[in-house]
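Sequence positions, counted from 1, serve as the residue numbers for this chain.
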Amino acid sequence: MIDQGTIQRILDSSEIVDVVGDFVTLKRRGTNFIGLCPFHNEKTPSFNVSPSKGIYKCFGCGKGGSVVNFVMEHEHLSYVEALKWLAKKYNIEVNEREETPEDIQARNDRESQMIVTSFAQKYFTSQLWDSNEGRIAALGYFRERGLRDDMVRKFELGYCPSGNDVFTQEALKAGYEMKFLEKTGLTIKREDWIRDRFSGRVMFPIHGVSGRVIAFGGRTLSQDKKIAKYLNSPESDIYHKSRVLYGIFQAKRSVIQNDKCYLVEGYTDVIAMHQSGIENVVASSGTSLTSDQIRLIRRFTNNITIIYDGDQAGIKASLRGIDLVLEEGVNVKVLPLPEGEDPDSFSRSMGSSELQEYIDKNETDFIKFKTQLLLEGTENDPITRARLTTDIVRSVSVIPDGIVRAEYLKECSRLMNVREEVLYEELRKLKRKRDDEMFRREQRVQVHHENIPEAPNVEVKKEAGPVNNPCAIEEREVLRMMLKYGDQKLFEVENDEGETEVITVADYFISELDADGIESVDPVIRQVFQECDEHFGEEGFEPLRYFVQHPDSSVSQLCSNILSEKYTESQFWKKQGSYVEEEHDILYMLVPRLLQEYKLRMVRFLINQAIDEMKEAAKGDDFDRIVDLQRNIQNLKSVEKELSDKLGKRTINF
C-alpha cells in the first residue's frame, strides 16, 4: 500500500495543466485553459482546466475531477494505478507501507491461486493439442462447432482429460499444493476420495481485465442428460462471477476504439463473433447480468447493445437486463435475432461485413423494442395497455439523466399514442414513491462517522444508481459555501463565560444541521458533510485541496463539479441578473438565508411525505396512525410558516 507521505508528494508534484496537456491541446482563456474534450466528440471546446483549483470540467459531457481522476478516466486505471502513473511521470519513488503478516499471507494466497489457474490453463491447452484424447474428442468438438484453430488458440481453450483425478495428480507432481487446487475449485476433495471438477470437459478459461486466468467454464462432451452441460469454477478469492465478464480481456481494446460493447450470453457466442470480425463483445458467463458487470463495461464505454437468443427465454433475459443497464446511466440498445438463432449460429451464417451491416440496421432503441414487444396483441385491451404503459415508464424512470428521460418519454408518447402529460404524471408518481421510500429508509439508518484510511489504496465505491434528492440544489449550495468560505468569520457571539467566540461559516452550517438532525439522502453529499464536521477546525485543513484530491472519486468529482459549474455564484443570490455586492462581503446575510431555504425545502418534502402516508393509513382504516400523522403535519406546517415568514415567501396550502 502506498504510504500517505508518498501520496502527498505525488499530488503536490502533479500539475493538472501539464498532465492534461499530454493528451489535450489546451489554450489559455483568462486564468483557465480550454480544449476539445477527450471523453466525447465535439467541435467547439467545452473542456476546461483550472490550474488554481487543480480540477478539470467538461460542460459538454459532464466529466470532471482532479488530476488523479483524469488519469483514472483517460487511462482506465484504478486509484492506486493512477497514482503510480503520476509518480512515474514526475520521477517519484513509490514507497509502499510495510505489510502485516496477514496482508502478506492473503497476498501470497491470491498469487498462489493465480499461479495454479495459470498452470491449469497451460495443462488443459496442451491436452487439447498434444494428447490423442484431446485432439479427437475436444478439438474435434470445437471444429464441429465451426471454430477455427486460431480462435481456439486466441481464447486459450483446452481439455481436461477424463478420469477421476488425472489433472490433480499432474498438478501435485508439478509441486502445486492441494489447498490451492481446492480453493480455486479445480479439485474436489473429500475424506475418502479426490476428483477433478472438470474431468472430461472442454475448457473455457475466464480471464480478468489484466489477462490473467482467474477461473474456468467447462462443457461436457457426454450425451448423458443427468450430467450438467456447463460447469463453472466456484467463487474464490480470485473469482467472483458477478463481477466478471467472459472475453473482457480480449475485447477491451476494441470496445474503447468503437465506443460500444456488445453483450451476449455464452462463451461460444463471444468466440464466434470474434471469428466474424466483431471483437468488442463480452458475455455474462452464464449468470444473470449484474450491476458490477455493467460498471465493468462502463470503464471502457457508455454504449451497450444487448444481443440475446431469438426465443422467449432470450427475450425475457434482455428485458431484465435493459432496466439494469438503464439504472447505471448507460445507453442501451437491443439487437433482436431471428427466432431460433443465437449469436453463435447467426454470426457463422454470414460474413463479417454482412454481420456488421445487419447489426447496424437492426439494433434498436430499447424503448421501441420494449414497446413493440409488450404491446403485441393488446390493441383492444385498454387495461393491459395501461399496465404496460406503466411498465415502460418505470423503465424510463430509472434513467439518471433528466434530458435522456425526457427524450424517451417523448418517443414513448409517439409510439403508444399517449399524451406526454399523462406519461410525465405517471413518471412523477413513480419517482415520488421512490423518493419517499428512500427518505424513510435513510431516516432509519444510523450513520457512523468513519475516518478516511491513512493510506488509501483502493477507490471507494458508492452504491450505484440514481439518487432522488429533494434538496439537491440547496445541499450543493451549502457545500459550495463551506468549501469556499468554511473558515471565514460569520459573526461573533458571547459564550456562557462571557468570552467572545468566533462562529465561522462551517461552524454555523454544521451546528445548525446537527441540532435539527438534518441529513442528506445522497450518500456522497452526506459523506462530504460528515468529513467537514470531522476536519474543519483542524490546523492546516484546506477543504478545497482535501476534497478535490479525495481518494474517493465520487467525492472528488462532486466537489470539483460544484466548484467548476459555469454559474457558481448561485441563483439564490441573483437580483435582476447581477450582484448587489460581492458574495464574500455579505456572508452574514447569505448563509443564514441559505440554511432557511434548505430547511424550508426539507419541511415541505416531509409534509408531502406525511400526507401520502396518511392516505395509505386511511385505506387501512388505521385511525391512530392518521391522528399521529395529522398532528405531525400541523407541527411541520407551523415550522413551514415560521421559515416562510423569515424568507418572505408565501406558505403553500396542501
Exercise for review: Working to the nearest 0.5 Å, report the span between CD1 of Ile297 and CD1 of Ile304.
Suggested key: 4.0 Å
Check your understanding: So, does Thr117 use its side chain to make a donor-acceptor pair with the main chain of Val213 at under 3.5 Å?
Key -> yes
Exercise for review: Indicate whether any N or O donor in one side chain lies under 3.5 Å from an N or O acceptor in the other, for Gln557 and Ser553.
Suggested key: no
Point to revise | Any donor-acceptor N or O pair under 3.5 Å, side chains Asp130, Ser126 | key: no
**Study point:** Partner of Met273 by side chain to side chain contact (heavy atoms under 4.5 Å, CB included), out of Asp344, Val281, Asn280
**Key:** Val281
Check your understanding: Should Phe124 and Phe216 be marked as a side-chain contact (heavy atoms from CB on, under 4.5 Å) after you check the CA-CA gap, both sets of side-chain angles, and the distance that decides it?
Key -> CA-CA 11 Å; Phe124 296 147; Phe216 295 91; 3.8 Å; yes
Review point. Between Glu341 and Arg348, is there a salt bridge with N-O shorter than 4.0 Å?
Key: no
Review point. Once you round to the nearest 0.5 Å, how far does OG1 of Thr184 lie from OH of Tyr239?
Key: 12.5 Å
Review point. So do the side chains of Arg201 and Ile227 get within less than 4.5 Å of each other, counting heavy atoms only?
Key: yes
Review point. Is there side-chain contact between Ser199 and Asn164, with at least one heavy-atom pair below 4.5 Å?
Key: no
Exercise for review: Kindly compute the distance separating CG (Leu157) from CG (Leu139), expressed to the nearest 0.5 Å.
Suggested key: 10.0 Å
Point to revise | Polar side chain donor-acceptor pair, Asn331 to Asn302, under 3.5 angstrom | key: no
Practice item. Would you indicate whether the side-chain heavy atoms of Tyr141 and Arg219 approach each other to under 4.5 Å? Key: yes
Check your understanding: Which class fits the ring pair Tyr230 and Phe204: parallel under 30°, tilted 30 to 60°, perpendicular over 60°?
Key -> tilted
Exercise for review: Decide yes or no for Glu170 and Gln127: does some side-chain heavy atom of the first lie under 4.5 Å from some side-chain heavy atom of the second?
Suggested key: no
Practice item. Ignoring hydrogens and angles, tell me if any N or O in the side chain of Arg197 forms a donor-acceptor pair with the backbone of Gly185 under 3.5 Å. Key: yes
Review point. With no hydrogens and no angle check, is any side-chain donor or acceptor of Glu265 less than 3.5 Å from a backbone partner on Ala283?
Key: no
Review point. Is it the case that more than 12 heavy atoms not belonging to Glu357 sit under 6.0 Å from its CD atom?
Key: no
Practice item. Determine whether the side chains of Gln121 and Thr125 contain a donor N or O and an acceptor N or O closer than 3.5 Å. Key: yes
Review point. So which heavy atom on Ser347 is nearest to which on Ser276, and how close?
Key: O-OG, 2.9 Å
Check your understanding: With a 4.5 Å heavy-atom cut-off, do Met114 and Ile214 have their side chains touching?
Key -> yes
Review point. Going by atom types only, do Glu177 and Ser112 share a side-chain donor-acceptor pair under 3.5 Å?
Key: no
Review point. Are Thr187 and Thr168 linked by a side-chain donor-acceptor pair shorter than 3.5 Å?
Key: yes
Check your understanding: Is there a ring-ring contact (aromatic ring centres under 6.0 Å, His included) between Tyr358 and Phe346 once you walk through the steps?
Key -> CA-CA 11 Å; Tyr358 178 88; Phe346 192 69; 4.7 Å; yes
Point to revise | Atom pair CD/OG of Glu354 and Ser349 - distance to nearest 0.5 Å | key: 7.0 Å
Practice item. For residues Cys58 and Phe47, report the shortest heavy-atom separation together with the two atoms involved. Key: CB-CD1, 3.9 Å
**Study point:** Within 6.0 Å of NZ in Lys260, more than 12 heavy atoms from elsewhere
**Key:** yes
Review point. Can you name the nearest heavy-atom pair linking Leu335 to Glu363, along with the distance?
Key: CD1-N, 3.6 Å
Review point. Just wondering, more than 12 heavy atoms not from Arg253 lying within 6.0 Å of its CZ?
Key: no
Review point. Below 4.0 angstrom, N of the basic side chain to O of the carboxylate: do Glu411 and Arg414 qualify?
Key: yes
Check your understanding: Say you draw a straight line from CH2 of Trp85 to CG of Leu77; how long is it, rounded to the nearest 0.5 Å?
Key -> 9.0 Å
Review point. At their closest point, which heavy atom of Val166 faces which heavy atom of Pro161, and how far apart are they?
Key: CG1-CG, 3.7 Å
Review point. Would you call Asp269 and Tyr246 a side-chain contact if the rule is heavy atoms closer than 4.5 Å?
Key: no
Check your understanding: Which pair of non-hydrogen atoms, one from Ser242 and one from Thr290, has the smallest distance, and what is that distance?
Key -> O-OG1, 2.5 Å
Point to revise | Asp109 and Gln105: side chain donor to acceptor below 3.5 Å | key: yes
Check your understanding: Do the ring planes of His74 and Phe23 sit parallel (below 30°), tilted (30 to 60°) or perpendicular (above 60°)?
Key -> tilted
Check your understanding: Which pair of non-hydrogen atoms, one from Leu128 and one from Gly158, has the smallest distance, and what is that distance?
Key -> CB-CA, 3.9 Å
Exercise for review: Find the distance between CG (Leu181) and NZ (Lys183) and round it off to the nearest 0.5 Å.
Suggested key: 12.0 Å
**Study point:** Working for side-chain contact (heavy atoms from CB on, under 4.5 Å), residues Ile294 and Leu263
**Key:** CA-CA 10 Å; Ile294 298 169; Leu263 182 63; over 6 Å; no
Review point. Can you tell me if Arg153 uses its side chain to pair, donor with acceptor, with the backbone of Arg148 under 3.5 Å?
Key: no
Point to revise | pair Val282-Leu296: side-chain heavy atoms closer than 4.5 Å | key: no
**Study point:** Qualifying residue, where the test is ring-ring contact (aromatic ring centres under 6.0 Å, His included) with Tyr176 and the options are Phe167, Phe119, Tyr123
**Key:** Phe119
Review point. Between Tyr408 and Asp365, do the side chains contain an N or O donor and an N or O acceptor separated by less than 3.5 Å?
Key: yes
Practice item. Would you mind reporting whether Val24 and Tyr56 have side-chain heavy atoms less than 4.5 Å apart? Key: no
